[in-house]
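Below is one structure; the comments refer to it alone.
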Amino acid sequence: MESRNPLVVVGVCTPERRSYAAELAQGIGGHLIPLVQPMPRPGPQPITLSPEHPSLATSASPLVVDVDNGIDLPHLAVASAPRSAVICVVDALHFSHDLGDGRPVSDVADEGDDRGDFGSRARRAVSHVEGATLVAFVNWETVPTAELSLLMAITSHLNPTARARLSRGPVEDLRASLDGGCEPLPCSSGPDGCMPSTTSTIPT
């Protein structure tokens with residue numbers, strides 16, 4: 001499996017994102033860095049590995065960065081590093097609602113901060129998908145196949161180059177994404193009974 005470092009984990013559903021990042025870090029023997037900065041300064045935000053994590057700068061172990069919703073990917077320099085991977089964790093039960101959510105990212109944002117705008121949480125959900133290399137759907141087991149097909153199609157439209165996968169665990173998701181060992185989404189409703197997607201995948 002080709003390595004990627006760091007592994008940046010994003011997603012507007014905080015409990016699912018945190019759990020996924022923690023399980024991923026544990027599963028690959030990596031260092032988990034919760035990156036929480038509700039009010040980032042304008043411009044790219046680099047991660048400082050010392051003095052809080054002085055050993056990480058020279059560590060060969062992978063870094064798993066759990067990014068708080070207050071930080072958008074364009075403001076995160078580490079997400080655009082040449083060998084980084086951005087994993088967007090999506091709760092399949094709530095994704096449709098997330099895309100139409102009128103709530104702001106922050107209820108305490110300063111005047112002029114777009115994170116306090118109506119619908120900014122939905123826009124953040126979209127930007128996470130658009131910036132991801134892997135979109136991992138969790139809590140998908142009880143979602144009807146037709147709805148999953150629609151969610152996959154939306155994801156593929158927002159980011160045609162990303163792999164979209166129904167998660168069967170963070171480590172397996174990462175391995176399948178890097179090795180290209182994912183299976184196509186099964187048939188669902190569409191003109192010929194199928195919803196084709198070249199980047200959408202489902203585990204067996």
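Nothing fancy with the numbering, it's 1 onward along the sequence.
Scanning all heavy atoms of the two residues, the minimum distance from Arg165 to Leu134 falls at CB-CD1, 4.2 Å. The two residues His128 and Gly11 come nearest to each other via the heavy atoms ND1-N, 3.5 Å. Taking both residues in full, the closest heavy atoms of Gly27 and Val171 are given as CA-CG2, 3.6 Å, listed atom of the first, atom of the second, then distance. Between Asn159 and Ala132, the shortest heavy-atom contact is ND2-O, 2.8 Å. Across all non-hydrogen atoms, the minimal contact from Ser177 to Arg163 is O-NE, 3.5 Å.
With hydrophobic clusters built from ILVMFWY side chains whose heavy atoms lie under 4.5 angstrom apart, Val90 shares a cluster with Ile154. The hydrophobic cluster containing Val86 also contains Leu35, counting ILVMFWY residues as joined when their side-chain heavy atoms lie under 4.5 angstrom apart, directly or transitively. The hydrophobic cluster containing Leu150 also contains Leu93, counting ILVMFWY residues as joined when their side-chain heavy atoms lie under 4.5 angstrom apart, directly or transitively. Using a 4.5 Å cut-off between side-chain heavy atoms of Ile, Leu, Val, Met, Phe, Trp and Tyr, with links allowed through other members, Val138 and Leu174 fall into the same hydrophobic cluster.
Taken from CD in Glu16 to OG in Ser167, the straight-line distance is 11.5 Å, to the nearest 0.5 Å. The SG atom of Cys13 sits 8.5 Å away from the CG atom of Asn139 when rounded to the nearest 0.5 Å.
By the side chain to side chain contact (heavy atoms under 4.5 Å, CB included) test, Thr14 is found to be paired with Arg17, Arg18, Asn69, residues two or more places apart in sequence or in another chain being considered. Judged as a side chain to side chain contact (heavy atoms under 4.5 Å, CB included), and not counting sequence neighbours, the contacts of Ala92 are Phe137, Trp140, Val143, Leu148, Leu151.
The 12-atom threshold is not exceeded at CD of Gln26, counting heavy atoms of other residues, nucleotides or ligands nearer than 6.0 Å.
Contact check for Ile28 versus Leu7: side-chain heavy atoms found under the 4.5 Å cut-off. At least one side-chain heavy atom of Leu24 sits under 4.5 Å from a side-chain heavy atom of Ile87. At least one side-chain heavy atom of Leu166 sits under 4.5 Å from a side-chain heavy atom of Met152. Annotation: side chain of Val129 is in contact with side chain of Phe95 (closest heavy-atom distance under 4.5 Å).
Not one N or O on the side chain of Ser156 forms a donor-acceptor pair closer than 3.5 Å with the backbone of Ala153.
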